[in-house]
Every structure is written in structure tokens, then in C-alpha cells.
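Before any comments, here is the structure.
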Amino acid sequence: MGFYLAQLLTGLANASSLFLIACGLSIIFGVTRIVNFAHGSFYMLGAYLSYTLVTHLSALGALGFWGGVLVSALLVGVIGLLVEVLILRRIYRAPELFQLVATFGILLIIEDAALAIWGAQDLLGPRAPGLSKAVRILGEPIPQYDLALIVIGPVVLGLIWLIFHRTRWGVLVRAATQDREMVGALGVNQALLFSSAFFLGSVMAGLGGALQIPREAVNLNMDLSVIGDAFVVVVIGGMGSVTGAFIAAVLISVLNAFAVLVFPQISLVLPFIVMALVLVVRPYGLLGKPGSEKGAPADPEAPLRPLNPAGRLAMGAVVVILALVPLVSADFTMILLVDVLIAVLFAASLHFIMGTGGMISFGHAAYFGVGAYAAALVVKWLGLSMVPAMIVAPVASGLAALVFGWFCVRLSGVYLGMLTLAAAQIVWGVTFQWQDVTGGDDGIIGVWPAKWASSETAYFYLALVLCAGGVWLLRRAAHAPFGYMLRGIRDSEIRAEAIGVDTRFHQWMAFTFAGTLAGLAGVVSAFAKGSVFPDVLNISSSIDALIMVLLGGIHTLLGPLLGASVFVLIESWVTRLEYWRFIFGLIILGVVLIAPDGLAGALSRLLAFLKARIRPGTDTKKEALHGQRS
Amino acid sequence: MMKRRTLLTSMAALGAVGALPARLLAQGATIKIGDINSYTALPAFTEPYKKGWTLAMEDINAKGGVLGKQLEVISRDDTGDPSTAIRIAEELVSKDGVAMLFGTYLSNIGLAVSDFAKQKEVFFLASEPLTDAIIWSSGNKYTYRLRPATYTQSSMLAEQAAKLDVTKWATVAPNYAYGKDAVAAFKTALKKLKPEVEFVEEQWPPVFKIDAGATVRALEAAKPEAIYNVTFGADLAKFVREGSLRGLFDDRSVVSLLTGEPEYLDPLGDECPDGWIVTGYPGTDIKTPEHEAFAKAYIDRWGEDPKTGSVVGYNSLLAAATAMEKAGSTDTDAMLAAMDELHVKAPTGEFYFRAADHQSTMGAWVGKTALVDGKPKMIDWSYEDGADFLPSEEEAAKLRPAS
């Protein structure tokens, strides 16, 4: 009995930590609709700041500790406020999810800043004065600090509830979470509301980090190790629901505390399995409301149009120039270009889901990875050669997308995105764990191209044909009746249903089609690299694709092509430098601020501007809208 | 007409030149060596490593370099991603024209680069990856490994563990290949030495995401007499803190892999557990003349004590330079031939590369953890030679793929 109570208390203490970070994320999303990747970085900053403050104030005892924790939480809040005022505020009108690109840039900057300020070594902070020991409850030792955390979590929840229900500001926040447009229409100062919500959310992240000091060594992995779980908690609870986040945090932490007794390996994917189950049963999370999944309202996008002759000529010219590259350049240029081509096809396939299909995906790497693994597995276990493997792989990833897609298209908005992420994480977990077949994290090596394709030039042409072909197929589909139907569903699901379109079926097929082509990109990548590791399936691989699509501009078919090329080329160059993450982050922020409509949008504005200069009298505005949106 | 033909010929010639392996052309006044490591993903381990090989490079170049040429290391960050590592390896080989590659910390990146080396026929000295697949099940002609194998270090600990008067063991290891290899090797070695031992509990927390409280409780519930720990880094700090708070380590022996390495031991500060049997590196406490000279040079150059990574970095470049001297050239086949039975006189003692499985016999230090003057240290340590703990060369050769 005592044993199980102790296990429960351990789970509850973890739940409090998890809740603190998740509730800030939930508040920020609820009000501003920003998917804040930098939230984990704020958490890490809170931990580092409080490490510094608490060690310096250790002479003051308990006052020094709790004072240090609170001050560092407030400092993180101020940093969050600066981020909101200086960067995010400028891009609220950008397309849905675009703000997450900016928060990704901030994440990179904070990572390197923390490394520069606090150094690489893990820092073990002091324990909380007066709470540094364990007490016996029913004979079992329980750390006093765990008990303190168990109290702090609900107290914070209570305070937030009071603020939300007993202050005018809180009422406005809740109103904005439900209907932002309406709050604006009633004359509420939205800028102030957003800034204060972002401040509060950041304070909570900082507090969560600061309170971890007595439990773990502060380290540079804290940001990424917490952000996934925090999102999961927010989604299980229902986006924007603080109480829901608390219930979800308790659910996951307590489940994990007992699961490790029976099946220790499950910790790897437990939160994602729980999330998948909850979302299948409750599409808006435990306490979320319909509508809570939607991103910020954005300007409707201009309809796609087939390329005009000049555009076609330009695309053709790009392909011809690429095909001529091997004649003039060294081996390495081709190797880099193969990476660019792979990224282009991968991003274009994601764009088909997100841009044309209007469905968010945070887990597109699953299909890229299934393609890569399918090829590697048939090479390794069946001894097939490259060409059959290249046929098997997209089929396998298509099948995976068919299965997962069936569940995913039943949801919408961010919930859909998170279910795709759960699917990707479960595939990753299985691949990681199933060492006998997949090699676990030692991966599968020796997946090299057939002899005729093994030279850099030959493989480059092969990759060019496959990737350019894949991109062409995606464009073709976007302009086919199928694509029109998809765009219709995206723009107005109700009207599409009213005219008799089977919306779910179309979305399901779009998901499968995009998954198939992501698998094609995966197999091209597997043979280019000669090996496959679970890394191809993990979150950061999905996020990279997401950043490419958003950075390029989600409203045009050209966007992902531009975004992927620029992303890979910049990354290949910038990683040569010291503190390259800082520089890369700055570049991303720069692009975000200059081109809130993405690179493709900026390009079309530039072209329209030049056209107007050359041929005065053309309507620049109209050109800007219709110029390159094809 | 003539003009066009000239153009075509010169283009063809250009193509032919481009097709020549760049590393044959690019060797001028310096010998270029490519280094790949996870400098941003794992700075705590790779920074000392970089300082180590930088010191070795400066030492070697000050003494006149190798084969009369200066060494030049082109160092790149693999960002922690195997496919990026491959792209960088391609660039180092085909564009920068490096004579060989060395480095890598993460096992998967080590394996990826090792397979790349096999495909492109480049010499690769894997400095740090701990996976034993790199020398055995996925070993190849072009890859050699410096750091003592997981198998070696686990066997060293098993030898100590067998001396303890306990039979009921529990294990805790991060849930990935390194953790699994370490537990499997320890179990096998300990059972061989002491058949009556039983393993009553296994915990597999995700790497760098340990739920320390729950893990400690689960171990406690099994009531083992001793614990074998493989967690490291931030997981280790959490595990130690929760474990000591909850009395997990009271009256229990703990045997712990790598915990004596300064990278992992130093951050524990005054919470360093007492009397754990560990493998590691006692740093400046090693009083051999070679090591004292190395430690002094390192401290003079960087203003901090050497860590395990420093030794690995230093020894890597030293081994590469020694191989080139022995080979008399930077030709890949000559260097590979030189690597077999290559003896390296390192600051940490002499070791050699075994011809059968391309593993170095560099050893590790086995001792106990303790707080000395408020600082975590290894005490009662001794240097164990890797050669004594590896499987025999005949057995090892059988573990490698046929080709």
C-alpha cells in the first residue's frame, strides 16, 4: 500500500513540473494562436537563470532560493515580452502557423546564447533549503521537495483560475481564447492583451524551469527534451484549457510512474500513445472546445493558377540548368544538390497536405522515414537491389499514410497536426526499439546504389529525375479536379459537403498521396547516404520540413521549392561557423520580418515591383496577388 | 568548327580532372585531415575532445609535422544528424581533399561514417563512438576505433563486481544501443565469473529523459543487493540525486560505467556518491612522466584540467600521425597497412591497434568515487589494459562480416 502511494506521489510531483510548463504554452496558444517552439527554451532559460541567482543568493537560505526562483521566472517573462513586442507582433497577420518559424529561430538563438553564457558542462544547482531531505510516509521515503511541488502545481492552477474568473483581464483572455475577432470588434486593445498573455505564459515556463533546479542538473538539452511532452499535455488537455492541461499532466505522469514498474521501455513513447488514444476518442482533447484548434484568422489566399508561359519557361530552364551542372562542377556540388532535391520533394509533399489540403502535419517525417526504412529493409533482408527497393518504398510509405491518415483526417487544425506527430513518434519508437529487425538506433547500413548509379553524376541524374518527377506530379495533382476539390474543402468545408463532396475521403487520399511522395524522397535519401537511422523519423526531421514549407511561403506551389533549397544551402554553409545556430536563428528572424508571406511571396512582390518600374501603368497590386501564385 | 572541337576537348579534359580523386591532387605543403564531431549537439563532451586534438596538432607541428609536412585539421560540426555527417564527409573527401577522416561521438554517426568510408575507400579513425558494432558486426577494412569498447569497459567492471559478496543485481541503462550493449556485456561477463548471480530488475529510461523518481522506486521495489548503472550526463545527475534522497544506495553496492570520467563526475559536485565502482579517468592524479607532461601542456594551453575527451582527441590525432609516419605516405592502402599492429606511445600509456578487429587496446581506469576536499574524484584506481579484456583476436575476427 505504502509502495503504491509513494509511486503515486512521485507521479504527482512530476505532474506539477509538467503542468507548469504546459499551462504557459496553453495560455499563449489560446490567446495568440502561436505554436511556440521557443517555450522549451524559456523553460531552459528559467533553469539557468535561477541556477545563477540561487547559487549567488544561497547565503539568504530559503528566502534566497524562493526569491531567486521567482525573480528568474519574471526575468524570463520579460524576455518573452521582448520577443513578442519586437518580433511576433509584426507577423500576426501572416499565414497560419507562420509565427512558429520565428519561434524556431528564437529557439536556435537561445540554445547558442545559453552555451556561450553558461558553458557546456551540466550544472547541478543546490537543493531547496529546508526541503533537502526525504520524509517517511507509510514507511516509504518521499523527498520533501516532491511534496512541495505537489502543492505548488494545484496552487498555481488555482491562482490562474482566480485570475481568469475574477479579473477583467482574465475574462478578456478567456473571451479571446473563444473568439478573438469578436473581442477585437468590441474595442479591446488586442496588442496589450497578446503581450500580457505572452508575458504570463513565459513566466510560467520560466517558473517551471526554475523549480527544476533541486531535481536535475541544468543542461543544454532541457529545451528540446521538454517541448514535445509539453505540447502533448496541452493537446490532451485541450488547446487553451489550463485545467485540461493539469488533468493531462497528472494523467501522463502517474501513468508513467506505474508503467515503468511493468514495462520500463514504454517511457519512450507513452505520452504519444496516450495522446493518440485521447484524440481518437475526443477530437478536441479532454476539455478543449470545438474551434479551439484553429490558428489565427488570415487573409484568404488567391486561387492557384496554372503557370503562365513565362513561368513554365523559367521552371524548365531551372531543370535544364540543373541537368547541365555535372558538366561544369565538382563532385561535391552534386552531392549537395542531391540533398537539395531530396529536401525539395519532401517539402513539396508536405506542402500538398498543408497548403493545398489545408491540413497541418507535425509528423511528416514518418512517411519519409518509412520510405527510407522500407528500402533499407528489403535490401538487407530480401537482398533486393536498388530499383525494386525504389518501387517498394513509396508503396510502403503510401500504405502507412493510408492507415494513419484514416485517423488523422477525422480531426482538424492543430489537433490533426499533433495526431500526425503521435503517429510519427510511435513509428519512431517501434523502429528504435525493434533492434532485431531495424537495428535500433544503430540503424541499417550498407544501402548503397546499384553499380550503374554509384557515381556522383549518375546518382545526381537519378535523383533529379525522381525528385523533379515527384514535384511535377504534386503540381499536376494540385491543378487536377482532385486538387480543386481539396482546395474547395480547405476554404469551406461546409459548402464542399453541401455540394456532395466526400470531404474526408478526399483529404484521406491527399494524405496518402503526399505520404507516398515523401516516401520517394526518403528512398532517394537512403541510397544517397548509404544508411538509415531512426533520426530520419524524429521530430526535428518533421520540423525541418515544416520550416521549409512555411519559410518558402505556404500560399504558393513555388514556396516549398524555394524554402527547401534556401534552407539546405544556408544550413550547409552556416554550420561551418562558430555559434552557427545563433547566426542561423538571426537569418531566420530576418527572413521572417522581411517576408511575412514567405520567400515566394517576397519574390512575387519583388517581380511585381520590377515590372511596374519597367512597364509603368500596370496595376502592381493585382500583379502582386496573381503574379507568381501558381 | 575547330573552335567547337577545342571547347569540347577541354570540357572533356576538365571532366577527367574532376573525376580524379581530389585527395590525390590536393596534398601540397600540408597534410589535411578531416574531423567530424557533434560540436553543437554535445558540447560537454566534444569541446574537451577538440582541445585535445588541437594540442596534439600543435605539438606535432612544432616538432616538424608528419613526413616533413604540417598537419592541418579541417573540423566540422555534424549537428548530431547522421545524414548531415555523410554530406560533410563527402565534402571533406571530395572537395577539401583530406587524407583521412577521424572523430564522431554518437554511435549512429560513427556507423554512418564508417560505412561511408568503406564505400568511398577512405581511412576513418573512429575516435569516440562506443558501439561495438563498429568493430565487430559492422566492422570494415577502412575503419579503426580508438576508444575502449563498451564490451571492454563493462568486462572491467564485471571483474570488480564478481569480487563483491552479492548475487542479486539490478540494472539501469538508457534505452538505446549503447545502454543495451553495456548491460548485455556486463551480464555475460559477470555470469561467466560468478554463475550464481541473478538479475532481478532492469530499468530502461529514455536517454536524457529519465523519470528518475519512478525509476529509483522501481529499482528499490526489486530489493537488489547491487546495482549496475549505465546512465550518464544529465540522467546520471538526476538518478544520483533521487537515489540518494530515497536511500536507494544505502547498504548497496553500485557499479557504474563511465561515471569516473570528469565529464560526468565533475557536475555531481558535492553530491558525488561515495564508493561506487566506476570506469573513468583520474586526470591530473596520474603521475607517470608522460601523462604529467601532457597534463601540464594541456593546462598551460587551455587553462583547465584535461578530461576524457581531451585524452581521446589527443590520442586520435597522435595515432593518425604515427600511422602516416609508419606508412611513409598518406596513401589510403599504405595507412591501412600501417594501422595493423600500430603501436602508439600515448601520454596515457602505450597501446596498439589489433589487426583482427581494428580495435585499439587503449585501456581505462577502474576505481572508486569519493569526495576529496569537497571535489568529486576517483580513488584507489588502477589502469586496466584494454588488451586484457577484449575477446581474443581469433574470436573477434569471427564476429566480423566475412568480406
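Only this structure's heavy atoms are used, side chains among them; waters, hydrogens and symmetry mates stay out. By convention in this document, chain letters (A, B, ...) are assigned in the order of the sequence lines, proteins followed by strands, and residues within each chain are numbered from 1.
For chain A, the nearby part of B:Ala133 is the side chain; its heavy atoms alone come within less than 4.5 Å. The contact between B:Arg76 and chain A is made entirely by side chain atoms (from C-beta outward), counting heavy-atom distances below 4.5 Å. Proximity to chain B (any heavy atom under 4.5 Å) is shown, for A:Asp441, by both the backbone and the side chain. Proximity to chain B is limited to the side chain of A:Asp146, based on heavy atoms less than 4.5 angstrom apart. Of the atoms belonging to B:Ala41, it is backbone heavy atoms, and not side-chain ones, that fall under 4.5 Å from chain A. Interface residue B:Glu202: only backbone heavy atoms are found under 4.5 Å from chain A. In this structure, chain A has a heavy atom under 4.5 Å from the side chain of B:Glu47, while its backbone stays farther away. Proximity to chain A is limited to the side chain of B:Thr131, based on heavy atoms less than 4.5 angstrom apart. Of the two parts of A:Arg215, the backbone and the side chain both hold a non-hydrogen atom closer than 4.5 Å to a non-hydrogen atom of chain B. Looking at A:Ala259, neither its backbone nor its side chain comes within 4.5 Å of chain B, counting heavy atoms on both sides. For B:Asp78, no part lies under 4.5 angstrom from a heavy atom of chain A. Residue A:Ser540: no heavy atom, backbone or side chain, is found under 4.5 Å from chain B. Heavy atoms of B:Ser75 lying under 4.5 Å from chain A are absent altogether.
In terms of heavy-atom pairs under 4.5 Å with chain B, the best-connected choice from A:Leu261, A:Leu268, A:Asp442 is A:Asp442. Chosen from A:Val532, A:Asn256, A:Thr10, the residue pairing most often with chain B at heavy-atom distances under 4.5 Å is A:Thr10. Note on A:Asn219, A:Val260, A:Leu9, A:Val226: by heavy-atom pairs under 4.5 Å with chain B, the leading option is A:Val260. The candidate from A:Asn221, A:Asp339, A:Val338 with the greatest count of non-hydrogen atom pairs under 4.5 Å with chain B is A:Asp339. Among B:Gly110, B:Ala237, B:Ala234, the residue making the largest number of heavy-atom pairs under 4.5 Å with chain A is B:Ala234. Between chain B and the residues A:Asp229, A:Val218, A:Ile266, the most heavy-atom pairs under 4.5 angstrom are made by A:Asp229. The most heavy-atom pairs under 4.5 Å with chain A, out of B:Ala218, B:Pro82, B:Gly213, come from B:Pro82. With respect to chain B, the highest number of heavy-atom pairs below 4.5 Å among A:Ser329, A:Gly446, A:Ser531, A:Gly443 belongs to A:Gly446. Between chain A and the options B:Ile210, B:Ile86, B:Asp115, the largest number of non-hydrogen pairs under 4.5 Å is found for B:Asp115. Counting heavy-atom pairs closer than 4.5 Å to chain A, the top residue among B:Ala44, B:Ala221, B:Pro267, B:Gly269 is B:Pro267.
When side chains are defined from C-beta on, B:Lys51 counts as touching B:Glu304, because their heavy atoms get closer than 4.5 Å. Inter-residue side-chain proximity for A:Glu111 and A:Phe582 is flagged as unmet; no heavy-atom pair is nearer than 4.5 Å. You'll find the side chain of A:Ser267 stays beyond 4.5 Å of the side chain of B:Lys209, heavy atoms only.
A ring-centre distance under 6.0 Å is found for A:Phe346 and A:Phe368. Taking the six-membered ring for Trp and the full ring otherwise, the centers of A:Phe432 and A:Phe533 sit at least 6.0 Å from each other.
Every residue two or more places apart in sequence or in another chain that forms a side chain to side chain contact (heavy atoms under 4.5 Å, CB included) with B:Lys180 is listed here: A:Gln433, A:Gln435, B:Asn175, B:Trp204. Every residue meeting the side chain to side chain contact (heavy atoms under 4.5 Å, CB included) condition with A:Ser253, not counting sequence neighbours, appears here in chain and number order: A:Asn14, A:Ala15, A:Leu18.
Around CZ of A:Phe3, the count of heavy atoms belonging to other residues, nucleotides or ligands within 6.0 Å exceeds 12.
A salt bridge is defined here as a Lys NZ or Arg NE, NH1 or NH2 lying under 4.0 Å from an Asp or Glu carboxylate O, and B:Lys118 with B:Glu121 fails to meet this definition. Comment: A:Glu140 does not engage B:Arg246 in a salt bridge, judged by the lack of any side-chain N to carboxylate O separation of less than 4.0 angstrom. With respect to the salt-bridge test (charged N to carboxylate O, under 4.0 angstrom), the residues B:Glu91 and A:Arg576 qualify. By the 4.0 Å N-to-carboxylate-O rule, B:Arg241 lies close enough to B:Glu271 to be salt-bridged with it. Ionic pairing of B:Glu90 and B:Lys95 is not present here: no N-O contact between side-chain nitrogen and carboxylate oxygen is shorter than 4.0 angstrom.
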- Item | Pair B:Asp266-B:Lys375, salt bridge (charged side-chain N to carboxylate O under 4.0 Å, His left out): steps then yes or no | CA-CA 8 Å; B:Asp266 288 354; B:Lys375 290 219 170 80; over 6 Å; no
